[in-house]
2 protein chains.
Amino acid sequence: MPHSQFANLSRRERQIMDILYEKSTCSAQEVQQALPNPPGYSAVRALIARLVEKKFVVFRNEGGRYMYSPAVAEDQAQNTAINRLLRTFFKGSKVKAVNALLDVDSESLSAREIEELERTIARVKQAQETRAEE
Amino acid sequence: MPHSQFANLSRRERQIMDILYEKSTCSAQEVQQALPNPPGYSAVRALIARLVEKKFVVFRNEGGRYMYSPAVAEDQAQNTAINRLLRTFFKGSKVKAVNALLDVDSESLSAREIEELERTIARVKQAQETRAEE
DNA sequence: GCCCAATTGCTAAATTTTTAGCATCTCAAG
DNA sequence: CTTGAGATGCTAAAAATTTAGCAATTGGGC
């Protein structure tokens, strides 16, 4: 299982994996529609077939049509992507990353979202305090 | 300036851009050493030259040796990477992303880092409250 | 100046990726 | 059953990427 090898995906492979993680399950047509500068249908199928062969993608036959999904669990893929972001832009610092993330697009959070963030911080703080006691 | 086109980078191009953003400025040799499964020196130079031509990378001559840097400002590249992460894994939700980010690798934050997070949340909350009044 | 390691400028071959196309099959509607 | 749209299985050519190699240059040490 090559889940540590997302960095070795080619241009189109990476675009397709992103789409599959975003949508969870897709037909080849849906993948085609979501691709930037989409090639033809058979080109998309050939690309997906290649990802199936490399074990990045699995498929199931639904009513005569294949539905494709990522082969690597989403939380693993998330972790890989997050670690890459931390290393590339934030020298590994989660705090810097959170700062940047919350500033992106100057989009405001709702009161409920802020509450949730506060709960998250409280959870993390609790875990830190528990460790500090040990 | 193709800063909206990171998604179109090829495998090696992407690997090199990551290295340049991580280290800010690099010689070709340093890029070579940082690359996974590195090719030869001249292969690395040819790849970088290609990124220079595509205007993703700029260089300066320092003592007869070229030092390379990303052409797109770091904060722009950060935003692009963060937005991709949000869209791919978190349906755009910053809160979900922050949760995942803080959980990555079960690594604990220091008390100082937690304070800083709290300040960040307070800042975001203040901005939200200011907006709510308008 | 000489020497040598390291570098640049440039090229093109090797390899991989991307793309489209064709024959055949499937399924649903009439 | 027929028909036609949409799909699959498969192929290989076109295009892009990756790679290495050579000649010439550069800079530093002796």
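The chains referred to below are lettered A, B, ... by the order of the sequence lines, with proteins before strands, and numbering in each begins at 1.
- Rounded to whole Å, atom C1' of C:dA20 lies 12 Å from atom CD of A:Q32.
- When rounded to the nearest whole Å, the span between CG of A:N37 and P of D:dA16 equals 12 Å.
- Among the protein residues, A:A46 comes within range of the nucleic acid bases, having at least one heavy atom under 4.0 Å from a base atom.
- Between B:S10 and the phosphate of D:dT18, there is a side-chain N or O to OP1/OP2 separation shorter than 4.0 Å.
- Annotation for A:V44 and A:A28: closest pair CG1-O, 3.7 Å, computed over non-hydrogen atoms.
- Between C:dT7 and B:R45, no contact under 4.0 Å exists linking OP1 or OP2 to a side-chain N or O.
- From A:Q32, atom CD reaches atom CG of A:L35 across 8.0 Å, with rounding to the nearest 0.5 Å.
- The phosphate of C:dT16 (OP1 or OP2) has no side-chain N or O of B:R11 nearer than 4.0 angstrom.
- Taking the six-membered ring for Trp and thresholds of 30 and 60 degrees, A:Y21 and A:F6 have ring planes more than 60 degrees apart, a perpendicular arrangement.
- At the phosphate of D:dA16, neither OP1 nor OP2 sits under 4.0 Å from any side-chain N or O atom of B:R12.
- Within a 6.0 Å radius of CG in B:N37, other residues, nucleotides and ligands contribute 12 heavy atoms or fewer.
- The CG-P distance, from A:L47 to C:dT16, rounds to 16 Å in whole Å.
- The nearest heavy atom of DNA chain D to B:E13 and to A:Q29 marks one nucleotide each, and the one closer to the 5' end goes with A:Q29.
- At whole-Å resolution of the value, CZ in B:R50 and P in C:dT16 are 16 Å apart.
- Here the closest heavy-atom approach between residue B:A7 and residue A:Q15 is recorded as O-NE2, 3.1 Å.
- Rounded to an integer number of Å, the gap from A:L35 CG to C:dT19 P is 9 Å.
- DNA chain C is contacted by both A:L9 and A:P38; A:L9 maps to the nucleotide lying nearer its 5′ end (nearest heavy atom per residue).
- Side-chain N/O atoms of A:Y41 include none lying less than 4.0 angstrom from OP1 or OP2 on D:dG6.
- Rounded to whole angstrom, the span from the CD1 atom of A:I48 across to the P atom of D:dA7 amounts to 12 Å.
- Between the base of D:dA20 and the side chain of B:S42 there is a donor-acceptor pair shorter than 3.5 Å.
- One atom, CD of A:E62, and another, P of C:dA28, lie 13 Å apart when rounded to the nearest Å.
- The interatomic distance linking B:E53 (CD) with C:dG9 (C1') rounds to 13 Å, in whole Å.
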